[in-house]
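Report on the structure given below.
In the text below, chain A, chain B and the rest are named by the order of the sequence lines, each starting its count at 1.
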Amino acid sequence: MNFSNKLISWYQLHKRDLPWRHTSDPYFIWLSEIILQQTRVNQGLPYYLRFVEAFPSVQDLAAAPQEDVLKLWQGLGYYSRARNLHTAAVQVVDNGDTFPNNYKELLKLKGIGDYTAAAIASFAYNEPVAVVDGNVYRVLSRIFGISTPINSTDGIKEFKKLAQELIDPKHPASHNQAIMEFGAMQCVPKNPDCNICPFQKDCVAFQDERITELPVKIKKTKVLNLHHHYMVTVTPSGKTILQERPQSGIWAGLYEFPFVEAKGALLPSELTTAVDYENVYSGVRFRESVFNQEPIIHKLSHRKIHAYFWIIHTESELENAITIEGARSKPLHVLMERFMTQFWPLKS
DNA sequence: AATTCGGGGCG
DNA sequence: CGCCCAGAATT
């Protein structure tokens, strides 16, 4: 039995029952693939179900305000995926409601790269293009004993070529599903159970006892420490002020309290010096106190945010203040959502 | 060719 | 605490 047949046989026995495996509709497949980029199935699954419910067709998605899409994406991270998803939906509708039906055309859609184009093309149209995701890198590097770094230019080229040579042109969809599922369920990153692996005899890494060494990845983790002092405005009627993040960079397009960046903790006097209060509160009198003496730590893959929340009670109403319900209905990043849940508990 | 985009789960 | 996840866009 060749590589692909073996893989597909394993897949038939061990595949998980996932909703996007019951459809060949490119829209639903596309949706699932975008949601699952750099995201575990268990984390993405509830989002997929909610998106299908809220936007049953690409036309529904295109017609929605981008803010609605971001709100539904809230908490999933990598928010440019949601923005690009919406942009691409509009692209499709503008193109006469025609969804691209091949790898090359799929690549033209915003947010669809090499992997996603191959996934949709193979799953929906049975085009024989190999997917190469994190699972595929791991499976191939181990079975074939390849130590080229998977995130180097050479590695990307080498693994893509090998993956394409291995794909069964008769069963592109099953093959691609199978190799990824195999990586996710059997050839896992840590402590794979090689004793029940159908490729044990073929696997170079297992024979050479190099499972823990493969795949090789060049690591570059620079974590930047940031200190954010958020200003939680509370007006006499209980309204507050949010501002939208810039359209680029981290948390683009999401909402949060206005904040100032500092080098660490601040005294109230230092805060009032750092903030252009006149601009925010336009002459209105206020008093402020810090909500948390110790910073709330919010960790991201490349940032560690030390967050301080200053509760600022104003003596009069403000023009640009919105209700708490209004604030909570905006798309928020997890740090914001967590604070609001703690500060303004939902009353049932 | 590198860096930048989140958040959560696991050992 | 570091690594990884159905990667893509930007610099």
On a heavy-atom basis, the closest approach of A:P236 and A:T314 is CD-O, 3.4 Å
Under 4.0 Å, heavy atoms only, any strand: does A:N84 hit a base, just the sugar-phosphate, or nothing? sugar-phosphate
On a whole-Å scale, what distance lies between the P atoms belonging to B:dC10 and C:dA6? 13 Å
Distance-only polar pair, side chains of A:E33 and A:Y115, donor-acceptor under 3.5 Å: yes
Counting side-chain heavy atoms from C-beta on, which of B:dG7, B:dT3, C:dC4 comes nearest to A:R40? C:dC4
Please measure how far the P atom in C:dC5 lies from the corresponding atom in B:dA1, and state the result in whole Å. 23 Å
In whole Å, what is the span from the CG atom of A:L70 to the P atom of B:dC5? 16 Å
So if I take every side-chain heavy atom of A:T116 and compare against C:dA8, B:dG7, C:dC5, which nucleotide ends up nearest? C:dA8
By nearest nucleotide on DNA chain C, pick out whichever of A:K110 and A:Q38 is the more 5' one. A:Q38
Distance-minimising heavy-atom pair for A:L332 and A:M340: CD1-SD, 3.7 Å
Looking only at heavy atoms, which two atoms of A:P19 and A:L49 are closest? And how far apart? CG-CD2, 4.2 Å
With a 4.0 Å limit, can you tell me whether A:R303 has a side-chain N or O closer than that to the phosphate oxygens OP1/OP2 of B:dC5? yes
Given C:dC1, B:dT3, C:dC5, identify the nucleotide with an atom nearest to the side chain of A:K299. C:dC1
Are A:Y78 and A:W73 close enough that their ring centres sit under 6.0 Å apart? no
Atom-pair distance (CG on A:L45; P on C:dA6), nearest Å: 13 Å
Contact class for A:G44 vs. all strands (heavy atom < 4.0 Å): base, sugar-phosphate, or nothing? nothing
Closest to side chain of A:L36, choosing from B:dT4, B:dG7, C:dA6: C:dA6
Check the distance between C:dA6's C1' and A:W20's CH2 and give it to me in whole angstrom. 9 Å
Please determine if a side-chain N or O atom of A:Y78 lies less than 4.0 Å away from the OP1 or OP2 oxygen of C:dC5. no
Does A:W251 make a side-chain N or O approach to OP1 or OP2 of B:dG7 shorter than 4.0 Å? yes
Does A:K220 have a side-chain nitrogen or oxygen under 4.0 Å from the phosphate oxygens OP1 or OP2 of C:dC3? no
Could you tell me whether the phosphate oxygens of B:dG8, OP1 or OP2, come under 4.0 Å of any side-chain nitrogen or oxygen in A:R338? yes
If you only use heavy atoms from C-beta on, which nucleotide in C:dA6, B:dA1, C:dA8 is closest to the side chain of A:D114? C:dA8
Take atom P in C:dA8 and the same atom in B:dG8, then report the distance between them in whole Å. 22 Å
Write down the distance between CZ (A:R138) and C1' (B:dC10), rounded to a whole number of angstrom. 13 Å
On DNA chain B, compare the nucleotides closest to A:G75 and A:N191; which residue's is nearer the 5' end? A:G75
A:F28 atom CZ is separated from C:dA6 atom P, nearest whole Å, by 22 Å
Check whether any side-chain nitrogen or oxygen of A:T153 sits under 4.0 Å from OP1 or OP2 of B:dA1, and answer yes or no. yes
Near-ring test A:Y230/A:F339, centroid separation under 6.0 angstrom: no
Side chain of A:I250 - closest among B:dG7, B:dC5, B:dG11: B:dC5
Given B:dG7, is OP1 or OP2 found less than 4.0 Å from the side-chain N or O atoms of A:H298? yes
When you check the phosphate oxygens OP1 and OP2 of C:dC3, does a side-chain N or O of A:K219 lie under 4.0 Å from one of them? yes
Out of C:dA6, B:dG8, B:dC5, which nucleotide sits closest to the side chain of A:V334? B:dG8
Will you find, in the side chains of A:Q177 and A:R21, an N or O donor that is under 3.5 Å from an N or O acceptor? yes
Once you round it to whole Å, what is the distance between C1' of C:dC1 and NZ of A:K222? 20 Å
d(CD, A:Q37; C1', C:dG7) in whole Å: 5 Å
Write down the distance between NZ (A:K304) and P (B:dG6), rounded to a whole number of angstrom. 19 Å
Ring stacking, A:Y115 with base of C:dG7, under 5.5 Å and under 30°? no
Does the side chain of A:R83 get closer than 4.0 angstrom to OP1 or OP2 of C:dA9 through an N or O atom? no
Do the side chain of A:T39 and the base of B:dG6 come within less than 3.5 angstrom through a donor-acceptor pair of N or O atoms? yes
Closest nucleotide of DNA chain B for A:L76 versus for A:K190: which of these residues is on the 5' side? A:L76
How about A:F199 and A:W10: are their ring centres within less than 6.0 Å of each other? no
